[in-house]
2 protein chains.
Amino acid sequence: MIDLTVIQVAIIEDERVVLDSLMAFMGKDPSINVVHTGYSIEDFLSSAKGKKTTPNVILLDVNLPGISGIDGIAPLKKQYPGVNIVILTTFEDSDHIFRALKAGACSYISKQTSLLLIGEAIKIVAKGGAYMSPAIARKIVGYFAPEKKKPKNLTERQNEIVALIVEGKSYKMVADSLCVSIDTVRSHIKNIYRQLEINSKAELIRKSYNGEL
Amino acid sequence: MIDLTVIQVAIIEDERVVLDSLMAFMGKDPSINVVHTGYSIEDFLSSAKGKKTTPNVILLDVNLPGISGIDGIAPLKKQYPGVNIVILTTFEDSDHIFRALKAGACSYISKQTSLLLIGEAIKIVAKGGAYMSPAIARKIVGYFAPEKKKPKNLTERQNEIVALIVEGKSYKMVADSLCVSIDTVRSHIKNIYRQLEINSKAELIRKSYNGEL
DNA sequence: ACGAATTTGACATGATGATGTGATTGACAA
DNA sequence: TTGTCAATCACATCATCATGTCAAATTCGT
């Protein structure tokens, strides 16, 4: 018989050092019981068959071999409907954060966070709450705020070009739309890429969709 | 001379008991300095003229006489651009929460929260972070998740490839990631484009970000 | 065991994209 | 008046993408 007052936790983490310290810490906490671990999503799911205990909380790394932690959220929730996913990672950019949340993660915690706080976060999500690291929570609230977009000093013209590119247009189409030479568009794109520190259309589109410009 | 290491806090709260206990607690914390208080938005703003100190953080009640705390956020931010607004309230319904966030609040805390945690929250927002009570954070993450999955007819492998492309990878990088030939990736992409009736990477990324697959 | 769907791969070609160097023009500020 | 900056355009070159045609190996359901 499983003690329902004890939180059943699973951990998916490929770094031994991190996994070991998490295990060691939780082993000392009587209210937490680590029932299952894995080095990757695939590893975890394949070995999940033989388990009879269902985790309440899954502590999930993002940078995993094979399927990424974020892409792994869906299969994990399929295997364990209603499980609480806690992302534990070093990636703190908006892109990763929002993709994780959209996939159904309920907490997103920086690996900088102390073990004590991670333990607290687990207890919080097990009770139906959610915990976010301060810097991450700030990015999330920033999503809602009317945001005075002061960010990327992009020129009016540059924003115009970005808008067309994001719509899926080619350089040629943008040039025609704006009635300028395709070389002009190229020139603008080069400057935009340099200013945004990116080097592909894909990244530009992603940034745009994440409101990062 | 104002000590910049000390957080300048203002409090707007109409309940004497609450205000007094907040003041008493913060008076004991050397890193917090309460510079201004008010019983209402109007009261606070009118008496703000005579003050020379600018608050870093404003602790704001929602249920105030006159202008509500939420409607007061805009004028407060106009008076003190860049100030961090911390909502402290008993209202925990989604409506109040999201209206406050949209108005520019960066933290939303239940009045059930201990004075200790409220103090922590103030320090967190002063450092550029954000803190949410667990139950409130859960409602916020819930805002992102309710994505109804209408999976397109794409194959597992195809979805894998789309995921990598959307991350900004080139065909070559995708091929390497999946340990297949670049021609195989090309082949998949061709099929994906035909099935989705698109013809550019940009459109693929757009559809992906719009949850259209 | 048969056929359909999936996955893999090769070869080819024209279009588009990424990046560099360099030049001209007009606007606005020091 | 002299800069700086935004916007315009011209080459140039190599990488990547979009598309086509064809085909072998694999998986899977009936």
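We use all heavy atoms of the structure for the numbers below, so side chains are in, but hydrogens, waters and symmetry mates are not. Remember, predicted model here, so these are calculated numbers, not experimental data. Convention: sequence-line order gives letters A, B, ...; per-chain numbering from 1.
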* Structure fact -> Asp183(B) atom CG is separated from dC22(D) atom P, nearest whole Å, by 16 Å

* Return the value, rounded to whole Å, for the distance between atom CD of Glu203(B) and atom C1' of dT16(C). => 14 Å

* Structure fact -> When the rotation axes relating C1' atoms of four end pairs to the next four are compared across the helix from dA1(C)-dT30(D) to dA30(C)-dT1(D), five pairs an end, they differ to 10° by 50°

* To do: Scan residues 164-173 of chain A against DNA chain D and write down, sorted by residue number, each residue with any heavy atom closer than 4.0 Å; if none is found, say none.
  =>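 Per residue number, the list is empty: none.
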
Just checking, any donor-acceptor pair under 3.5 angstrom between side chains of [X] and [Y]?
{"X": "Arg157(A)", "Y": "Asn191(A)", "answer": "no"}
{"X": "Glu92(A)", "Y": "Ser110(A)", "answer": "yes"}
{"X": "Asn199(B)", "Y": "Arg194(B)", "answer": "no"}
{"X": "His36(B)", "Y": "Thr53(B)", "answer": "no"}

So, is [X] near the phosphate of [N], with a side-chain N or O under 4.0 Å from OP1 or OP2?
{"X": "Lys201(B)", "N": "dC17(D)", "result": "yes"}
{"X": "Arg157(B)", "N": "dT8(C)", "result": "yes"}
{"X": "Tyr193(A)", "N": "dT19(C)", "result": "no"}
{"X": "Thr184(B)", "N": "dG9(C)", "result": "yes"}
{"X": "Ser200(A)", "N": "dT16(D)", "result": "no"}

* Asked: Between CE of Met173(B) and CD1 of Ile165(B), what distance do you get to the nearest 0.5 Å?
  ->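 Atom-to-atom, Met173(B):CE and Ile165(B):CD1 are 10.0 Å apart.
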
Measuring from the side chain of [X] (C-beta onward, heavy atoms only), which nucleotide among [options] has the closest atom?
{"X": "His188(A)", "options": "dA7(D), dG9(C), dG20(C)", "result": "dA7(D)"}
{"X": "Ile189(B)", "options": "dA7(D), dA18(D), dA18(C)", "result": "dA18(D)"}
{"X": "Ser181(B)", "options": "dT19(C), dT7(C), dA10(C)", "result": "dA10(C)"}
{"X": "Gln158(A)", "options": "dA7(D), dT19(C), dT7(C)", "result": "dA7(D)"}
{"X": "Val180(A)", "options": "dT8(D), dA7(D), dT8(C)", "result": "dT8(D)"}

* Asked: If the sugar-phosphate is the primed atoms plus P, OP1 and OP2 and the base is the rest, what is the B/S/- string for nucleotides 23-30 of chain D, using protein heavy atoms under 4.0 Å?
  -> --------

* According to the interplanar angle, ranging from 0 to 90°, do the rings of Phe91(B) and His96(B) count as parallel (below 30°), tilted (30 to 60°) or perpendicular (above 60°)? -> parallel

* Asked: Aromatic ring centroids of Phe144(A) and Tyr143(B) under 6.0 Å?
  ->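 That pair passes the under 6.0 Å test.
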
* **Nearest-nucleotide 5' precedence on DNA chain C, Lys190(B) against Glu156(B)** =>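 It is Glu156(B), whose closest nucleotide lies nearer the 5' terminus.
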
* To do: Kindly indicate, with the supporting measurements, whether the criterion salt bridge (Lys or Arg N to Asp or Glu O under 4.0 Å) is fulfilled by Glu15(A) and Lys111(A).
  => CA-CA 12 Å; Glu15(A) 292 177 62; Lys111(A) 275 195 181 172; 3.2 Å; yes

